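Data block below; observations after.
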Amino acid sequence: MVFISTRGEEKVTGAQAIVQGIAKDGGLFVPEKFPAVSAEELESMLSMDYPERAAFVLHKYLDEYDREELLAALKKAYAQFEDGDAAPLVRVENGMYMLELFHGPTCAFKDMALTVLPYLLRKGCDLCGIKENILILVATSGDTGKAALEGFKDAEGIKIMVFYPDDGVSKMQKLQMCTQEGENVNVVAVRGNFDDCQTGVKKIFASDDCKAKLKEKGYLLSSANSINFGRLAPQICYYFSAYCDLVTSDQIRMGDKVNFTVPTGNFGNILAGYYAKRMGLPIGTLVCASNKNNVLTDFWAKGVYDTKRPFHKTMSPSMDILVSSNLERLIFELSGRDASLTKTRMQALSASGKYSVRPEELKAYKAEFYAGCTNEADTVDCMYEFFEEYGYPMDTHTGVAMHVAQQYEEMIEKDPAAEKRPMVVVSTASPYKFPQDVLYALTGNDVKDSFKGIKRINLLTAMKVPESLKAIRYKPIRFKQVTSPEKMFDEVLKFV
Ligand SMILES: *Cc1c(COP(=O)(O)O)cnc(C)c1O
C-alpha cells in the first residue's frame, strides 16, 4: 500500500512511513486510500482471537510485511498482556460497554501499539535496506514514554530517549519511567509542559543540522510518537475486535451501528476509530472527550482551532494537550484531502497558534463526531457514582470519557429524531496507574504515597493489582536528569 503526506506529494511505502515517522514536508503519512473490510471479512473475524484480528486489519495497510511473521509478532506482543486478552470488552449494563485497553506491561492503552512498534520498525528497516542504528526520540505526557521504553528496551540496533514535562506527569508515571531497565534507554525531565517537550522533539526532527550530527555518530532518527503510522495502525484493530465481541456475545446483530467514546489528547486513539469506520466498520458517532483543556470541544463548536489559551494541569495528564498532532490527519480527510490547504492551516497553527475550517467542513466534523468536555469535579463525581452503581472502578482519563459519554446520551434522550445505539467507552488506563486521584474520587481520602493508594483501592474494589506496578516499588531510580527545552538536543548528543 502507498502512503502519502498530508502536506504534499511525498509518496512512500508503509515500511518507509513507519521508519521515517514524519514526512519530509512536516506532514503526516496517511494511506493513499482506505482499505476496505467487507461484511464477509468482518464475519470471518468473529472466530479469530485478538492477535489474529489485529494481523488481519494491519496487513490491509502493511501488505509488504509477511503475513505469518506479522501474526507471530502480534502474538508475542499481546502475550505480555495480563490474563491473555489484550482488549477485553466488559458489559456494564445493556447498551453500555467498557473496552479495556490497559492490561499491557505499562497499564495504559499505549501498550496496544508500543508492544508492536519495535517489530514494525525493525522489519521496516530491513524492508527499506537501512543499515544504520536507530535513535527513537519521544516526547511524552506520561504514558507513551513508559510504554515506548518498555517496548524498545534492549532492542538490537535501537536506542530510545524519552523527554517528559518535569511537573506534568503523575507520581506513578514518573516512577515508572525513572526506574526503567535496559541498556539502550535514557529518560530526561524537561522544565516546561508537554507541548514544550513535543515542540523540542519536533525541532530536532526538522533540523538538518541535528540529523547530520547524529548521522556522524551512526544514528538515524525515528519517532515512536502517535503521529507515526506504526502507532496508529495497531489501534485501528481494537475497534474491529470490540465490534466482533459485541456480535459474538449477542449484544448486537452484525451490521448494527455502535458508538464509541474516547478520552482524547493527541487525537490518536479516536482517529484510529475513524479509520476503522472508513474501512467499513459500522460505527455511528465517535465521541471525543476532553478534560478542562477543551481545545477540541471548542473546535467542534466553532470551527476554529485555537491554542492561545491557558494550559490546565489536570488529574488526567495524558489528555493535557493543546496541540493534538493527529488532528492533522482528520483535517486532511475532511478538507477533501486538500494537501495545500492542510499545509496552510498547519503553518498558521505554528505561526499564530490557530486556524479555522470552512462551514461545510465543520458540518462533516459534526456528522462523524460529537465533542464534549468536563471539569475535575464532575469527573470525580462521575467516577464515584459509577463505582457506587456498578462496582466498576475507572481511572481518571476514563472518568472524563464516561462523563462526556453521559452528556452525549442525555442529549440523545432529549432528541426524538436521534437514533439510540450501544455505547462503548474506551478505557485507557488502569485505575492503579493514578492511585491517589482514583482513591480520592472513590472515597474522598487523600494519600501521599502511591503504593498506599494502590493498597486502599485494592481493599475497596478487590480489583487485581497489575504485577508491573507492584514491582516498581522495589526498583532503583536510574534517571534523575532535568533539562531546559533549549538544551534537549545536547542531552541527545551526550546519550548516543
Ligand atoms: C495517551 C492517553 C490518552 C489520549 O490518547 P490520544 O491518542 O493521545 O488521544 C488518554 N488516556 C490515557 C490513559 C492515555 O495514556
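We count ligands from 1, going down the list as the structure has it; atoms in each ligand are counted the same way. Nothing here was measured: the structure is a model prediction, and the numbers come from that model.
A salt bridge links Asp166 with Lys174; the closest basic N to acidic carboxylate O contact falls under 4.0 Å. Salt bridge annotation for Arg53-Asp245: present, with a cationic side-chain nitrogen under 4.0 angstrom from a carboxylate oxygen. A salt bridge links Glu361 with Arg345: the closest approach of a Lys/Arg side-chain nitrogen to an acidic carboxylate oxygen falls below 4.0 angstrom.
The side-chain hydrogen bond (donor to acceptor under 3.5 Å, both in side chains) test with Gln176 singles out one residue from Lys171, Lys146, Lys433, and that residue is Lys433.
Aromatic ring pairs are classed by plane angle as parallel below 30°, tilted from 30° to 60° and perpendicular above 60°; the pair Tyr50 and Tyr78 is perpendicular. Ring geometry, Phe229 versus Tyr275: the interplanar angle falls from 30° to 60°, so the pair is classed tilted.
Of all atoms in ligand 1, numbered sequentially from 1 with element shown, those under 4.0 Å from a heavy atom of Asp143 are 12 (C), 13 (C), 14 (C), 15 (O). Taking a cut-off of under 4.0 Å to the non-hydrogen atoms of Gly268, the atoms of ligand 1 that pass are 6 (P), 7 (O), 9 (O). Close contacts of ligand 1 with Thr264, meaning ligand atoms under 4.0 Å from a residue heavy atom, involve 9 (O). Residue contact check: Ala429 has heavy atoms under 4.0 Å from atoms 13 (C) of ligand 1.
Only the side chain of Lys110 comes within contact range of ligand 1, with a heavy atom under 4.0 Å; no backbone atom does. At a heavy-atom cutoff of 4.0 Å, ligand 1 is contacted by the backbone of Phe267 but not by its side chain.
The nearest heavy-atom contact from the protein to atom 9 (O) of ligand 1 is Gly265 N, 2.8 Å. Of the protein's heavy atoms, Thr428 OG1, 3.3 Å lies nearest to atom 12 (C) of ligand 1. If you check which protein heavy atom lies closest to atom 6 (P) of ligand 1, you get Asn266 N, 3.5 Å. Scanning the protein for heavy atoms near atom 10 (C) of ligand 1, the closest one is Pro263 O, 3.5 Å. Looking from atom 7 (O) of ligand 1 to the surrounding protein, the closest heavy atom is Asn269 N, 2.9 Å.
Listed here is the closest heavy atom pair of Glu32 and Arg337: O-NH1, 2.6 Å.
In summary, the aromatic rings of Tyr365 and Phe369 are positioned with their centroids too far apart to meet the 6.0 Å limit.
For a threshold of 3.5 Å applied to N or O pairs, the pair formed by Phe434 and ligand 1 contains no separation below that value.
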